[in-house]
Amino acid sequence: KLKEALKSAIDMGKISQAYLFYGPEGIGKKFIADVFAAALECGEKDAPCGRCLSCRKAEDGIHPDIIRLKHEKPDLISVDEVREQIVADAYVKPFESKYKIYIVDEADKMNEQAQNAILKTIEEPPSFDVFIFIAENIQLFLPTVISRVRVFEVPPISKELIEKQLLQEYPISRERAESLAAL
C-alpha cells in the first residue's frame with residue numbers, strides 16, 4: 001500500500017511537502033525514503049530508473065539535491081543542527097533537479113526546540129522542498145509537526161512472506177526457511 005501511494009503521488013504529480021515513515025528498527029524505512037527520493041529526482045517515466053545520472057548520484061549518496069541531516073550526538077538532533085542544515089538552506093533552489101529533498105533519519109531524536117525550528121519551514125516551504133522524516137516512535141513528535149506531514153506506518157513483514165521469499169530465492173528446506181523467518 002505504501003509503495004502504491006507513493007507511486008501514485010509521483011504519477012499524478014501530487015507530491016506532499018513532508019512525509020514521515022515510521023515503524024520498528026530494521027524494517028526498511030530508510031530504504032523506502034532513499035528510493036522515494038531517487039524517484040522524485042529521476043527524469044524517467046518509470047522512476048526511479050536506476051540508469052540516469054540523477055538515479056546514479058542518488059544511489060551513490062552524492063546527489064546535490066538530496067540532503068541528509070547529520071547529527072553529532074547519537075541520542076539527540078539539536079536545534080542548531082536543524083537550523084544550520086535545513087532551515088538555513090531550505091529557500092535555496094535545487095541545483096539540478098525539480099526538488100530539493102531533506103531526509104532526516106532518526107527524526108524522533110529531534111528535541112522539542114529542533115521540531116519547533118523546522119515547523120515553520122514545513123508549514124510554508126518553497127514549492128521545490130520535500131521533507132522526509134524517518135522514525136521509530138511517532139509519539140515523540142509534536143502534534144503540530146504530525147499535523148503537517150503525510151504519515152506512513154511501515155509495518156513488519158509477515159513471517160509467511162519472508163519464508164516464501166527465502167524458498168523462492170535460495171535452495172533451502174522449508175524448516176530452514178521457517179527458522180530464518182522467525183529470526
Side-chain angles (χ1 to χ4, degrees), residues 1-10 15-42 44 46-78 81-82 84-87 89-90 94 97-111 114-115 117-118 121-122 125 128-142 145-146 148-159 161-162 165-166 169 180-181 183:
K1 290 180 181 178
L2 173 60
K3 180 182 174 183
E4 290 171 14
L6 296 174
K7 183 173 179 2
S8 176
I10 292 171
I15 306 303
S16 295
Q17 296 299 141
Y19 295 85
L20 168 61
F21 301 129
Y22 80 96
E25 180 182 359
I27 203 70
K29 301 177 299 288
K30 186 175 180 200
F31 174 77
I32 291 166
D34 289 343
V35 171
F36 183 52
L40 288 173
E41 300 296 27
C42 180
E44 300 298 320
D46 190 23
C49 70
R51 296 177 305 278
C52 70
L53 182 60
S54 184
C55 282
R56 291 195 316 265
K57 284 181 179 182
E59 187 176 321
D60 291 341
I62 59 169
H63 198 294
D65 296 322
I66 300 175
I67 296 99
R68 289 171 176 77
L69 184 121
K70 296 171 183 66
H71 56 99
E72 292 181 16
K73 295 180 181 176
D75 59 339
L76 173 73
I77 297 175
S78 74
E81 290 165 331
V82 167
E84 291 168 10
Q85 296 178 50
I86 297 178
V87 176
D89 185 65
S97 299
K98 181 177 181 180
Y99 297 106
K100 193 166 195 180
I101 302 168
Y102 296 90
I103 299 176
V104 182
D105 194 7
E106 301 179 312
D108 46 356
K109 292 183 179 180
M110 286 190 290
N111 61 21
Q115 289 184 52
I118 205 167
T121 307
I122 64 174
F128 49 78
D129 280 353
V130 176
F131 300 90
I132 302 174
F133 301 102
I134 304 166
E136 285 182 42
N137 189 348
I138 192 171
Q139 303 300 323
L140 297 176
F141 285 91
L142 297 172
V145 172
I146 294 296
R148 285 160 177 81
V149 300
R150 286 210 50 205
V151 178
F152 290 99
E153 180 178 9
V154 182
I157 301 170
S158 73
K159 182 181 168 209
L161 188 58
I162 294 171
Q165 192 69 30
L166 287 169
E169 302 234 356
L180 293 170
L183 292 174

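Worth saying up front: this structure is predicted, and the values here are computed from it rather than measured.
Environment of CD in E153: crowded, with over 12 heavy atoms of neighbouring residues, nucleotides or ligands closer than 6.0 Å. At most 12 heavy atoms of other shown residues, nucleotides or ligands fall within 6.0 angstrom of atom CD in E72. In the displayed structure, K7 atom NZ is contacted under 6.0 Å by at most 12 heavy atoms of other residues, nucleotides or ligands. With a 6.0 Å radius and a threshold of 12 heavy atoms from other residues, nucleotides or ligands, D60 has its CG atom above the threshold.
Under the rule for a side chain to side chain donor-acceptor pair (under 3.5 Å), the partners of E81 that lie at least two apart in sequence or sit in another chain are S78.
Contact detail for P24 and P156: the closest heavy-atom pair is CG-CG, 4.2 Å. Nearest approach of I27 to I157, heavy atoms of both residues: CD1-N, 3.9 Å. Shortest non-hydrogen contact noted between F131 and P125 is CE1-CB, 4.0 Å. Heavy atoms only, all atoms of each residue included: I134 and D105 are closest at CG2-OD1, 3.5 Å. Pairing each heavy atom of L166 with each of A181, the nearest pair is CD1-N, 4.1 Å. Scanning both residues, R148 and A18, for their nearest heavy atoms gives O-CB, 3.9 Å.
In this structure the side chain of E41 never reaches within 4.5 angstrom of the side chain of C55, judged on heavy atoms. Between M110 and V82, some side-chain heavy-atom pair lies under the 4.5 Å cut-off. For the pair K100/D129, a side-chain contact is recorded, criterion being any heavy-atom separation below 4.5 Å from C-beta on. No side-chain heavy atom of Y22 sits less than 4.5 Å from a side-chain heavy atom of N137. Annotation: side chain of F21 is not in contact with side chain of V151 (no heavy-atom distance under 4.5 Å). Between F141 and D108, the closest side-chain pair of non-hydrogen atoms falls below 4.5 Å. The shortest side-chain heavy-atom distance between I10 and I15 falls under the 4.5 Å cut-off.
In this structure, CG in L6 is found 7.5 Å from CZ in R150, a value given to the nearest 0.5 Å. Between the CD atom in E25 and the NZ atom in K29 there is a gap of 7.0 Å [rounded to 0.5 Å]. A distance of 13.0 Å separates OH in Y99 from CD1 in I66, rounded to the nearest 0.5 Å. Atoms CZ and CD1, from F133 and I146 in turn, are 9.5 Å apart once rounded to the nearest 0.5 Å. Note that OG of S16 is 7.0 Å distant from CZ of F152, once rounded to the nearest 0.5 Å. Separation of atoms CZ (R68) and CD1 (I101) is listed at 9.5 Å; rounding is to 0.5 Å.
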From CA spacing to verdict: ring pair (Phe, Tyr, Trp, His ring centres under 6.0 Å), F36, Y19: CA-CA 10 Å; F36 183 52; Y19 295 85; 4.9 Å; yes
L20 and I132: CA distance, side-chain angles, deciding distance, side chain to side chain contact (heavy atoms under 4.5 Å, CB included) verdict: CA-CA 6 Å; L20 168 61; I132 302 174; over 6 Å; no
Audit row: I103, I67, side chain to side chain contact (heavy atoms under 4.5 Å, CB included) steps and yes/no: CA-CA 6 Å; I103 299 176; I67 296 99; over 6 Å; no
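A donor-acceptor contact shorter than 3.5 Å links the side chain of Q115 to the backbone of L142. The backbone N or O of S54 lies less than 3.5 Å from no partner atom in the side chain of R56, so there is not a single donor-acceptor pair. Remark: side-chain polar atoms of N111 are paired, donor with acceptor, to backbone N or O of A114 under 3.5 angstrom.
Using a 3.5 Å distance cut-off with no hydrogens or angles, the side chains of E106 and H71 do pair a donor with an acceptor. In the model, D89 has a side-chain atom that pairs as donor or acceptor with a side-chain atom of Y102 under 3.5 Å.
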